[in-house]
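When a ligand or atom number is given, it counts from 1 through the structure's own listing order.
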Amino acid sequence: MKDKKIRFETEVIHLGYQTDEHENSLVPPIYQTSTFTFANAEQGERRFSGAEEGFIYSRLGNPTVKILEERMAALEKGEAALAFASGMAAVSSVLMALTKTGDHILCSKGVYGCTYGLLQILKQKYQINHDFSLMDSTEELERSIQPNTACIYIETPINPTMKLVDLQMVAHIAKAKGIPVVVDNTFCSPYLQTPLSFGCDIVIHSATKYICGHGDVIAGLASGSKECMELISRTTQKDVGGILSPFDAWLLLRGLKTLPVRMDRHCDNAEKLFAFLENHPKVEAIYFPGDSQHPDYPIMKKQMNRSGGMISFAIKGSKATAQLFMNHLQLIKIAVSLGDAETLIQHPATMTHSTVPAGERIKMGIEDNLVRLSVGLEAWEDIKEDLEQAFAKI
Ligand SMILES: *Cc1c(COP(=O)(O)O)cnc(C)c1O
């Protein structure tokens, strides 16, 4: 098996792990240790100088975490990957490694709330500025890139309005200017979208979501070239220190095994629920990458394998109507986060996007009557019936 090329569904289960290197344990052991002993003082010297490979201290590397990193690198079509204590630890380590005072970051119009917060910190404390760009045409993108742009940062689909950014188009322009492109791929997972194969440089995940898939871990991952990952690992990952624990790495390895099976079910359920919601008399607008009427549908066809498990929809009425609808749900849980077995619903205007000023928020299409559904793995009919009974009560 060692050198044979294997497929994605097999990689998520086997890649990066040899049972005969770990007492023939079928499942990777949890190396729950802070440090590693050296046979003698000289070996310690060799490990620290890099003359000899091997573990030193778990913040610098841990065998359980390493299996996860190797597996993730392959799944994202990268050369290397790094694991972090949270999605935000991954985002901050990557952005801090790529930028310095006086630089500029160009972002897609719409990023995760705490990424938005981090950009404010970088600006206020370190004079690293940023702008948001629609990235909907080569002309607009070229105009938005500044002489000091040190990195382009993209989320696609954009949360919660599901607008898409053409990754190949952005990567092509950025490459010509030598600017690295970073993509937050949390909404897709590598099963649905692999940004590195479209020429992007670094992929980030909040592994808390689909990669874990079971709602019991907070974790982050970054993948890319060996050179990029080495830069991050020997600077911001090591010295800022937001590393992943061996136990959480083990839970992610367990979650990853079923990623393709889970994603197909999330997608199947979401497609069926979209068909139900699309023509519902109480739904004013709906945002789903799999909507063939959506202007970004051709981009979805080009860069995503399927359209994912996230649907946002505006309910006819006010904020109070949307909240009443949510309160009447019985099976569907009111919670932020996504990608879990349980179907979750949240209200972006007062939850995930509550820190965005109201005017800005409305411009982004996040009205007070919009809700976001993370479609779970339950029988889709049960999810539909729960939505139906809540619609009947508003
Ligand atoms: C949740 C999320 C993050 C942050 O990840 P944490 O694991 O919560 O730190 C970043 N980006 C996106 C798109 C997310 O959904």
Asp184 heavy atoms, cut-off 4.0 Å: which ligand 1 atoms fall inside?
10 (C), 11 (N), 12 (C), 13 (C)
Aromatic ring proximity, centroids under 6.0 angstrom, Tyr191 and Phe8:
yes
Protein heavy atom at shortest distance from atom 5 (O) of ligand 1:
Ser206 OG, 2.9 Å
Aromatic rings His280 and Phe276: how do their planes relate, parallel, tilted or perpendicular, breaks at 30° and 60°?
perpendicular
Atom 6 (P) of ligand 1 sits nearest the protein heavy atom Gly87 N, 3.3 Å
Considering both backbone and side-chain atoms of Met88, is one of its nitrogen or oxygen atoms within less than 3.5 Å of a nitrogen or oxygen in ligand 1?
yes
Could you check whether Phe325 and Phe391 have their ring centres less than 6.0 Å apart?
yes
Provide, to 0.1 Å, the distance between atom 2 (C) of ligand 1 and the closest protein heavy atom, together with that atom's residue and name.
Lys209 NZ, 2.6 Å
Please report which non-hydrogen protein atom sits nearest to atom 4 (C) of ligand 1, along with the residue it belongs to and the distance in Å to one decimal place.
Tyr112 CE2, 3.3 Å
With side-chain hydrogen bond (donor to acceptor under 3.5 Å, both in side chains) as the test, would you mind laying out the steps for Glu76 and Asn185 before giving the verdict?
CA-CA 10 Å; Glu76 279 292 2; Asn185 202 26; 3.1 Å; yes
Check contact between Ala219 and ligand 1, using heavy atoms of the residue and a distance below 4.0 angstrom.
yes
Flag the pair Arg46 and Glu53 as a salt bridge only when some basic side-chain nitrogen lies within less than 4.0 angstrom of an acidic carboxylate oxygen.
no
Say whether Leu106 and Leu167 are linked into one hydrophobic cluster, either directly or through other cluster members, by side-chain heavy-atom distances under 4.5 angstrom.
yes
Any N/O pair Thr208/ligand 1 closer than 3.5 Å
yes
